[in-house]
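Only a predicted model underlies this, so the values are computations on that prediction, with no experimental measurement involved. Proteins come first, then strands; the chains are lettered A, B, ... in the order of their sequence lines, and each starts at number 1.
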There are 2 protein chains.
Amino acid sequence: MPLNSGQIDKRIRAFTKICRQSGVRATHQRREIFREVARTDEHPDAETIYKRVRKRMPTVSLDTIYRTLSLLEEKGLLKRLELFSGRTRFDANTQPHHHFICTQCGLVRDFTSEQMDALARPNEVRSWGEVRSVNVQLRGICSACRAKGRRARAK
Amino acid sequence: MPLNSGQIDKRIRAFTKICRQSGVRATHQRREIFREVARTDEHPDAETIYKRVRKRMPTVSLDTIYRTLSLLEEKGLLKRLELFSGRTRFDANTQPHHHFICTQCGLVRDFTSEQMDALARPNEVRSWGEVRSVNVQLRGICSACRAKGRRARAK
DNA sequence: CCTGAAATAAGAATTATTCCTATTTAATTA
DNA sequence: TAATTAAATAGGAATAATTCTTATTTCAGG
Ligand SMILES: [Mn+2]
Ligand SMILES: [Mn+2]
Ligand SMILES: [Zn+2]
Ligand SMILES: [Zn+2]
């Protein structure tokens with residue numbers, strides 16, 4: 001499910017614009033880190049981004065990865081997902097959307113649903129506070145993992 | 001929103017039964033740790049449970065807390081929630097339900113919704129794998145935090 | 001080309017969680 | 001009840017993800 005390059009370009013332009021507007025420097029490191037998240041829909045974690053960016057910038061530090069990801073989140077250019085214990089994952093899709101999550105291999109896929117976006121929130125919820133976002137997580141087992149499981153059992 | 005003691009008792013009975021059935025020892029530690037999660041709906045983290053259990057069992061170790069929580073999860077007596085980075089939280093409500101989450105203070109509240117449980121999953125999702133659970137997260141700001149924010153701004 | 005503020009690299013520190021192992025405990029049996 | 005023994009625990013060490021500290025580098029403006 002590769003992103004089309006139009007979408008990637010759009011994200012990169014948003015990055016450039018936001019940097020200029022908010023007066024933060026669009027450094028080489030920041031550009032490469034953002035590009036690496038923006039070019040994929042696989043919701044990578046910090047370590048994965050680090051490894052990929054290092055291919056083209058061998059001296060980049062892991063700390064810069066984390067600092068930059070936090071900055072980008074703060075500027076609204078990406079979202080942080082806490083789906084599993086241990087590793088935070090990052091999402092350059094800032095449109096409201098939902099996730100299918102494979103609990104076996106960690107696959108995360110985006111989908112949208114008007115029905116889910118339009119969910120009526122129960123009255124009790126209204127009394128607890130103000131809802132800012134609705135996120136639906138469908139957890140299960142992806143096709144690849146299911147096939148792998150079948151093969152293992154067949155032995 | 002305190003739990004009624006009937007519900008707590010029901011959970012404790014489930015614990016006792018599961019331990020006997022699956023041949024794990026119902027130790028003093030396990031009973032106290034489970035009771036501490038079962039008696040509240042605030043979705044505590046391991047550290048919080050540790051502090052509370054220690055009041056009555058001062059020698060309990062943090063490792064036992066973690067080991068026991070994992071065991072209880074494995075036996076289906078509680079669920080693990082990864083809502084924020086850093087700390088895992090635990091939920092003795094094993095019925096399907098959804099959550100309102102305050103992103104400021106970490107408040108988590110349960111609610112149920114037939115509409116949400118009945119959500120149709122898009123076709124594309126069906127092709128990705130098999131969905132085992134549906135979880136809706138409503139993120140926002142709770143009333144207490146909003147009031148606190150207003151007071152701070154008023155100064 | 002300077003200058004100063006912002007950003008980075010590298011490694012230390014912190015935090016949550018898991019691992020190791022000597023000791024204790026609970027269930028079973030005599 | 002006492003002895004047996006596998007399971008469980010306590011306490012401290014280890015690990016993994018993330019954040020902090022600080023000396024050095026970079027970049028924008030003058
Ligand atoms: Mn996404
Ligand atoms: Mn819950
Ligand atoms: Zn999978
Ligand atoms: Zn709050």
From D/dT9, D/dA8, C/dA7, pick the nucleotide closest to the side chain of B/R67? D/dT9
Across the strands shown, which category fits B/D45 at heavy-atom distances under 4.0 angstrom: base, sugar-phosphate, nothing? nothing
Distances under 3.5 Å only, N/O to N/O: pair up the protein atoms with those of nucleotides 28-30 of chain C.
none

Using a strict cut-off of less than 4.0 Å between a Lys/Arg side-chain nitrogen and an Asp/Glu carboxylate oxygen, indicate whether A/R87 and A/E47 qualify as a salt bridge. no
What is the separation between atom CG on B/D63 and atom P on C/dT24, rounded to the nearest whole Å? 17 Å
pair A/L69-A/F34: side-chain heavy atoms closer than 4.5 Å: no
Run the numbers on B/D117 and B/H97 for side chain to side chain donor-acceptor pair (under 3.5 Å), then give the verdict. CA-CA 8 Å; B/D117 296 338; B/H97 66 281; over 6 Å; no
Between C/dA16 (P) and B/R89 (CZ): distance, integer Å: 13 Å
Determine, for A/Y50 and A/R54, whether the Lys NZ or Arg CZ falls below 6.0 Å from the six-membered ring centre while staying within 45 degrees of the axis. yes
Integer-rounded Å distance: D/dT19 P and A/L71 CG: 13 Å
What's the CD-P distance between A/E82 and D/dA17, to the nearest Å? 14 Å
With the side chain of B/T64 defined as its heavy atoms from C-beta on, choose the nearest nucleotide among C/dA7, D/dT9, D/dG12. D/dT9
Mind checking if A/T88 touches a base, just sugar-phosphate, or nothing, with heavy atoms under 4.0 Å? sugar-phosphate
Can you figure out which of C/dT17, D/dT18, C/dA27 approaches the side chain of A/Y66 most closely? D/dT18
Derivation and outcome, salt bridge (charged side-chain N to carboxylate O under 4.0 Å, His left out), residues A/R56 and A/E32: CA-CA 9 Å; A/R56 279 169 296 136; A/E32 291 305 312; 2.3 Å; yes
Listed nucleotide nearest any side-chain atom of A/R87, set C/dT18, D/dA7, D/dA17: D/dA17
Criterion side-chain contact (heavy atoms from CB on, under 4.5 Å) against B/I49, the qualifying member of B/V37, B/T68, B/T40: B/V37
Closest to side chain of A/Q29, choosing from D/dA10, D/dC27, C/dA9: C/dA9
Let's see if you can work this out: which of D/dA6, D/dT19, C/dT17 has an atom nearest to the side-chain heavy atoms of B/L62? C/dT17
d(OH, A/Y50; P, D/dA17) in whole Å: 13 Å
Would one find more than 12 heavy atoms of other residues, nucleotides or ligands at under 6.0 Å from atom CZ of A/R39? no
Position toward the 5' end of DNA chain D (nearest nucleotide), B/P58 or B/V24: B/V24
Hey, are the side chains of B/T88 and B/D45 touching, using non-hydrogen atoms and a 4.5 Å cut-off? no
Round to the nearest Å and state the distance from B/H28 atom NE2 to D/dA10 atom P. 11 Å
Both B/T27 and A/R25 contact DNA chain D. Which one's nearest nucleotide lies toward the 5' end? B/T27
From CE of B/M57 across to P of D/dA8 the rounded distance in Å is 15 Å
Rounded distance in Å - CZ (B/R20) to C1' (D/dA7): 18 Å
